[in-house]
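Residues: numbered from 1 along the sequence shown.
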Amino acid sequence: MATDFPEVIELNVGGVFYTTSLKTLTLDPESHLCHLFSGKKDPPLKDAKGKYFIDRDGVLFRYVLDFLRDQALNLPQAFRERDRLIKEATYYGLTKMIDILKPQADPKRGYIVVGYRGSFAFGKDVLSDVKFRKITRILVCGRVTLCRDVFGATLNESRDPDHGETDRYTARFYLKHSSIEQAFDMLQDQGFYLASSCASGTAGTQSPNDLKPGVDAEESRWNHYNEFVFCRD
C-alpha cells in the first residue's frame with residue numbers, strides 16, 4: 001500500500017539520482033509509476049544505497065517529474081529527443097503527457113512560400129521608356145492542401161508530377177497571373193501573415209554573350225529574385 005512507502009522517495013533512474021515526494025509519483029492513478037508506488041504492483045528494486053531503482057533513461061526522467069508536478073510540459077528550445085521522451089512517457093503510462101508530445105496536426109496551420117523573378121522592362125529609349133516592374137512568373141511552395149485552399153482556381157498545377165495527392169508538400173506550383181499584390185491579398189484573406197522575406201540584388205554583370213535569344217541586355221542587368229514566407233497559426 002502507499003503507506004508502506006516514505007513520504008520522500010529517493011530514486012535511481014538509469015544511474016541518475018532524484019528525490020521527490022510520494023504524492024508526485026502517485027498523482028496519475030492510471031500511470032505505471034502510481035502502480036509501482038501504491039502497492040498495485042511489486043515495488044522497484046533498491047540499489048546498494050537503498051534508492052529505488054528504475055532501469056530507464058535517467059536524463060529524460062526529469063521531464064517526467066516536471067510533468068507530474070505541474071501537469072504541463074516545458075521543453076527547452078530546439079529539443080531533439082521528443083521521440084525518445086514519448087517512449088519514456090509510454091513506459092510510465094502517462095497518457096496526458098503523450099497527448100502533449102504528439103499534438104494532432106491542424107490542417108489550417110502551416111507555411112506558404114511565394115517567390116518571383118522580376119526585372120524592369122525597357123523600351124527603345126532604354127531608361128526614358130522604363131516600366132516599373134516586369135514579373136514573369138509567381139512560384140508557390142508549401143503543403144498542397146494549403147496552397148489549394150488559398151489560391152483556388154488561380155493555382156497552376158500543370159508542372160507538378162504528383163498532382164492528385166493532397167497530404168504532401170510541393171515546390172512546383174505557380175500562379176496563372178503575375179500580380180504579386182493579388183497573391184498577397186488572397187493570403188491575407190485566408191488569415192496568413194508575412195513571417196519573413198528575402199531578395200537578391202540587381203544590376204548584375206552577366207555578359208551579353210550569355211543571354212538567351214530575345215532577352216534584352218539592359219533588362220538582364222536588373223533581374224532580381226524575391227521570396228516571401230507566409231504563416232497561419
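Between the OG atom of Ser179 and the CD1 atom of Ile135 there is a distance of 7.5 Å, given to the nearest 0.5 Å. In this structure, Met97 CE and Lys102 NZ are separated by 13.0 Å, a value rounded to the nearest 0.5 Å. Rounding to the nearest 0.5 angstrom, the gap separating the NZ atom in Lys41 from the NE2 atom in His35 is 6.5 Å. Going from atom NE2 of His32 over to atom OG1 of Thr90 covers 12.5 Å, rounded to the nearest 0.5 Å. Put simply, CG on Leu101 and NZ on Lys87 are 13.5 Å apart, with the number rounded to the nearest 0.5 Å. One distance of note links OG1 of Thr170 with CZ of Arg159; it measures 9.5 Å at 0.5 Å rounding.
Between Lys96 and Asp99, none of the side-chain N atoms (NZ, or NE/NH1/NH2) sits under 4.0 Å from a carboxylate O, so this pair counts as no salt bridge. In this structure, Arg172 does not pair ionically with Glu157, as no charged nitrogen and carboxylate oxygen lie closer than 4.0 Å. A salt bridge does not link Asp57 to Arg62: none of the charged side-chain nitrogens sits closer than 4.0 Å to a carboxylate oxygen. Note on Asp149 versus Arg232: salt bridge recorded, some NZ/NE/NH1/NH2 to OD/OE distance being below 4.0 Å.
Heavy-atom contacts from other residues, nucleotides or ligands closer than 6.0 Å to CG of Asp42 number 12 or fewer. Within a 6.0 Å sphere centred on CZ of Arg69, other residues, nucleotides and ligands contribute more than 12 heavy atoms. Counting heavy-atom neighbours within 6.0 Å of Gln71 CD, excluding the residue itself, gives a total above 12. The 12-atom threshold is not exceeded at CG of Leu45, counting heavy atoms of other residues, nucleotides or ligands nearer than 6.0 Å. By the neighbour-count criterion of 12 heavy atoms within 6.0 Å, atom NZ of Lys176 is densely surrounded, having more than that number from other residues, nucleotides or ligands.
Two residues are said to be in side-chain contact when any heavy atoms from C-beta on lie closer than 4.5 Å; Leu75 and Arg82 meet this criterion. Between Val150 and Ile112, the closest side-chain pair of non-hydrogen atoms falls below 4.5 Å. Two residues are said to be in side-chain contact when any heavy atoms from C-beta on lie closer than 4.5 Å; Phe5 and Pro43 meet this criterion. With a 4.5 Å cut-off on side-chain heavy atoms, Leu60 and Glu81 count as touching. Side-chain atoms of Phe230 and Tyr193, non-hydrogen and from C-beta on, never get closer than 4.5 Å to each other. No side-chain heavy atom of Phe184 sits less than 4.5 Å from a side-chain heavy atom of Asp189. Here the side chains of Phe192 and Tyr111 are not in contact, with every heavy-atom distance at 4.5 Å or above. You'll find the side chain of Asn12 stays beyond 4.5 Å of the side chain of Ile54, heavy atoms only.
Under the 4.5 Å side-chain heavy-atom criterion for grouping Ile, Leu, Val, Met, Phe, Trp and Tyr, Val229 is not connected to Met186 through any hydrophobic cluster. A chain of hydrophobic side-chain contacts below 4.5 Å, direct or via other Ile, Leu, Val, Met, Phe, Trp or Tyr residues, connects Phe79 to Ile100. By the criterion of side-chain heavy atoms lying less than 4.5 angstrom apart, applied directly or through intervening Ile, Leu, Val, Met, Phe, Trp or Tyr residues, Leu65 is not grouped with Phe53; the two fall into different hydrophobic clusters. Clustering ILVMFWY residues whenever any of their side-chain heavy atoms sit less than 4.5 angstrom apart, transitively, puts Leu36 in a cluster other than the one holding Leu27.
In terms of heavy-atom proximity, Pro29 sits nearest to Cys34 at CA-SG, 3.6 Å. Residues Ser31 and Asp28 approach most closely at OG-O, 2.9 Å, considering heavy atoms. Between Phe151 and Val140 the shortest heavy-atom distance is CE1-CG1, 3.8 Å. Summarising the geometry of Gly110 relative to Leu146, their closest heavy-atom pair is CA-CD1, 3.6 Å, with the distance given to 0.1 Å. Residues Ser21 and Ile9 come closest through the heavy atom pair C-CG1, 4.4 Å.
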- Message: Could you go through Leu194 and Phe228, starting from their C-alpha distance and side-chain angles, then the distance that decides it, and tell me whether this counts as side-chain contact (heavy atoms from CB on, under 4.5 Å)?
- Response: CA-CA 7 Å; Leu194 181 65; Phe228 306 88; 3.9 Å; yes
- Mind running side-chain contact (heavy atoms from CB on, under 4.5 Å) on Glu227 and Val113 for me, showing each step along the way? CA-CA 7 Å; Glu227 210 164 65; Val113 178; 3.4 Å; yes
- Determine, stepwise, if the pair Leu33 / Val64 fulfils side-chain contact (heavy atoms from CB on, under 4.5 Å). CA-CA 10 Å; Leu33 281 171; Val64 173; 4.1 Å; yes
- Item | Intermediate values then yes/no, side-chain contact (heavy atoms from CB on, under 4.5 Å), Glu88 and Val13 | CA-CA 12 Å; Glu88 296 304 302; Val13 184; over 6 Å; no
- Query: Is there a side chain to side chain donor-acceptor pair (under 3.5 Å) between Tyr63 and Asn74 once you walk through the steps?
  - Reply: CA-CA 8 Å; Tyr63 301 113; Asn74 297 310; over 6 Å; no
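Classified by interplanar angle (parallel below 30°, tilted 30° to 60°, perpendicular above 60°), the ring pair Phe37/Tyr52 is perpendicular.
Arg117 places no side-chain N or O within 3.5 Å of a backbone atom of Asn226 that could act as its donor or acceptor partner. Ser200 contributes a side-chain N or O that, together with a main-chain N or O of Tyr225, makes up a donor-acceptor pair within less than 3.5 Å. Between the Thr24 side chain and the Thr20 main chain, no donor and acceptor come within less than 3.5 Å of each other.
Cation-pi geometry between Lys51 and Phe17 is met: under 6.0 angstrom from the ring centre, within 45 degrees of the axis. Judged by the 6.0 Å distance and 45° axis criteria, Arg56 is positioned over the aromatic ring of Tyr91.
Of the options Asp160, Asn156, Thr154, a side chain to side chain donor-acceptor pair (under 3.5 Å) to Tyr174 is made by Asn156 and by none of the others.
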